[in-house]
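Only one structure is covered here, and it is reproduced in the block below.
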Amino acid sequence: IVDVLSVDLAFVPIGYKPDNISDQQLEQFYQENKASFVLPELRSFEYIKAGRKFLEKKLNISEKDIKNYYEEYKDEFESKSFSEVKNQVKEALSTEKISELSNELAKNFEEDVSSGLTLAEIANKYDLQIKSVDNIDFSQMSESSDADYIELMDSVFEMAEGEVSYPMEVQDSSEILLVSLKSITQSREQDFKDVEKNIRDTIEQRNLALYNLKTLKEVISSFDPNKIDKSILSKGITFGSNLSFTRADLPIKNKLPTDLLNAIFSSELNNTTNIINADNKAYCAYLKKINSSKVMADKIRKNAGDHFSNVIKEGVFQELIAYLTRKNNMNVKANFAKN
């Protein structure tokens, strides 16, 4: 059971006056942190995508085709009558045909790229829309919510200007992507004048954080859990009283940082933990009481027992496979079967 004190390091207290920052400090910060002022390499590219909707337009499935498919795979439809499963049969046949069309289109794309066609020519040939992306870095692509960027990022940052990629088939999907690299903007170090304002802002934020951290330390040094001075609220300090949890609760999501919880369980009674920084906040906890519960202990043992039992079983299974592989001198081969 603990009391928790925390402060937002960006909190601006009433009457706070930031220190003046000299030109010399700005220049020194720039020289010591030059690696932080390097603009990443940027790439611009165009791409086309042929997905399921595009392929569905090419489908031409007749009633006879559906009936024949049903007769050939009747066992897979639990011997139900054709009228009962017609829609299911059509969906299965469509999926199979789309897969075949996807494979065929991938081969056609590969031939088009090999023959030297540009992306615009390929897009025009198949009536596909070209999507354009300008000046994006690798980090932006890797963190994007656009699934296309994730699929394309490795290729985009390995290609040369003007190059058209070979078709990329998206795993577990009928999508095919082709990309063409338009241009590369090399990474460069920013000049001091370009980043002077950013440096000033950074130093001001750092100084404010240090000020708030100092305030939290002062409050902690005289902290009395039996007599809370409410004036700490005006200093940006938030206070949580009599919070309780067990080791089995860790981590407590969206409540307290894991490092603080770990510090609590390694702290001594009637003592404060070290200050923990997380998400631009600083935390400290005062350990007030330690209770033991047989009911909770039994519950934890049971849950932990199931977990460790499964871990041990999995480990034994993996060891058995490894042993049999070595004993029989087995080789693992990839089998790329054509459907």
Side-chain angles (χ1 to χ4, degrees), residues 45-133 136 141-159 163-181 314 317 321 331-339:
F45 60 93
E46 295 177 330
Y47 73 98
I48 57 176
K49 177 169 70 172
R52 186 180 180 93
K53 289 184 179 180
F54 171 79
L55 295 171
E56 284 176 345
K57 295 177 183 178
K58 311 297 179 182
L59 285 180
N60 184 18
I61 298 175
S62 66
E63 188 78 10
K64 183 179 179 181
D65 294 331
I66 300 173
K67 182 70 174 177
N68 290 340
Y69 189 86
Y70 168 75
E71 293 296 338
E72 185 176 355
Y73 298 102
K74 185 180 293 186
D75 292 343
E76 295 185 11
F77 300 102
E78 301 175 353
S79 299
K80 292 182 180 179
S81 66
F82 177 69
S83 60
E84 289 180 286
V85 294
K86 181 180 177 181
N87 291 336
Q88 186 180 345
V89 174
K90 184 178 180 181
E91 179 64 25
L93 177 58
S94 297
T95 299
E96 184 176 295
K97 292 296 184 183
I98 285 175
S99 179
E100 292 174 359
L101 286 174
S102 179
N103 291 334
E104 181 181 347
L105 182 61
K107 291 179 182 178
N108 291 340
F109 278 166
E110 189 169 340
E111 291 173 0
D112 294 335
V113 174
S114 297
S115 65
L117 292 184
T118 64
L119 188 72
E121 290 170 333
I122 296 173
N124 184 61
K125 180 178 178 180
Y126 298 95
D127 193 24
L128 287 165
Q129 178 186 0
I130 293 181
K131 298 183 179 182
S132 184
V133 181
I136 190 169
M141 289 193 74
S142 65
E143 296 172 0
S144 173
S145 59
D146 191 321
D148 291 349
Y149 289 11
I150 304 300
E151 293 292 337
L152 292 170
M153 61 183 184
D154 289 331
S155 295
V156 165
F157 279 85
E158 290 173 356
M159 296 169 66
E163 183 181 353
V164 180
S165 72
Y166 280 98
M168 290 169 272
E169 298 180 66
V170 181
Q171 190 175 7
D172 300 325
S173 170
S174 296
E175 292 181 346
I176 305 172
L177 300 167
L178 274 181
V179 61
S180 174
L181 188 64
E314 179 66 20
F317 180 69
I321 291 176
N331 292 317
V332 178
K333 296 182 179 179
N335 180 24
F336 297 94
K338 183 177 180 181
N339 294 328

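Contact between Gln129 and Ile48 at its shortest, heavy atoms only, is O-CG2, 3.5 Å. Across all non-hydrogen atoms, the minimal contact from Ala50 to Leu105 is CB-CD2, 3.5 Å. Nearest heavy atom pair, residue Ser102 against residue Ile176, reads O-CD1, 3.2 Å. Looking at every heavy atom in both residues, Ile130 comes nearest to Ala120 through CD1-CA, 3.7 Å. Of all heavy-atom pairs spanning Gly51 and Glu175, the tightest one is CA-CG, 3.9 Å. When all heavy atoms of Phe45 and Val179 are compared, the closest pair comes out as CD1-CG2, 3.7 Å.
Under the salt bridge (charged side-chain N to carboxylate O under 4.0 Å, His left out) criterion, the residue pairs touching residues 55-64 are Arg52-Glu56, Glu63-Lys86, with sequence neighbours excluded. Residue pairs meeting the ring pair (Phe, Tyr, Trp, His ring centres under 6.0 Å) criterion with at least one partner in residues 51-76, sequence neighbours excluded, are Tyr69-Tyr73, Tyr70-Phe82. Residue pairs satisfying the ring pair (Phe, Tyr, Trp, His ring centres under 6.0 Å) criterion with at least one member in residues 86-119, sequence neighbours excluded, are listed as follows: Phe109-Tyr126.
In this structure the side chain of Val164 never reaches within 4.5 angstrom of the side chain of Leu117, judged on heavy atoms. Looking at heavy atoms from C-beta onward, Glu169 lies in side-chain contact with Asn103 at the 4.5 angstrom threshold. Between Val133 and Tyr149, the closest side-chain pair of non-hydrogen atoms falls below 4.5 Å. Contact check for Phe157 versus Met141: side-chain heavy atoms found under the 4.5 Å cut-off.
Under a 3.5 Å cut-off, the side chain of Asp65 and the backbone N or O of Ser62 do form a donor-acceptor pair. A distance-only check finds a donor-acceptor pair linking the side chain of Ser94 to the backbone of Lys90 [under 3.5 Å].
Residues satisfying the salt bridge (charged side-chain N to carboxylate O under 4.0 Å, His left out) criterion with Lys80, sequence neighbours excluded, are Glu78. Partners of Lys74 under the salt bridge (charged side-chain N to carboxylate O under 4.0 Å, His left out) rule, at least two apart in sequence or in another chain, are Glu71. Partners of Ser145 under the side chain to side chain donor-acceptor pair (under 3.5 Å) rule, at least two apart in sequence or in another chain, do not exist in this structure.
In this structure, a donor-acceptor pair under 3.5 Å is absent between the side chains of Asp112 and Ser115.
Taking CG of Leu93 as the reference point, atom CD1 of Ile98 lies at 9.5 Å (rounded to 0.5 Å). Glu91 CD to Thr95 OG1: the interatomic distance, rounded to the nearest 0.5 Å, is 4.5 Å.
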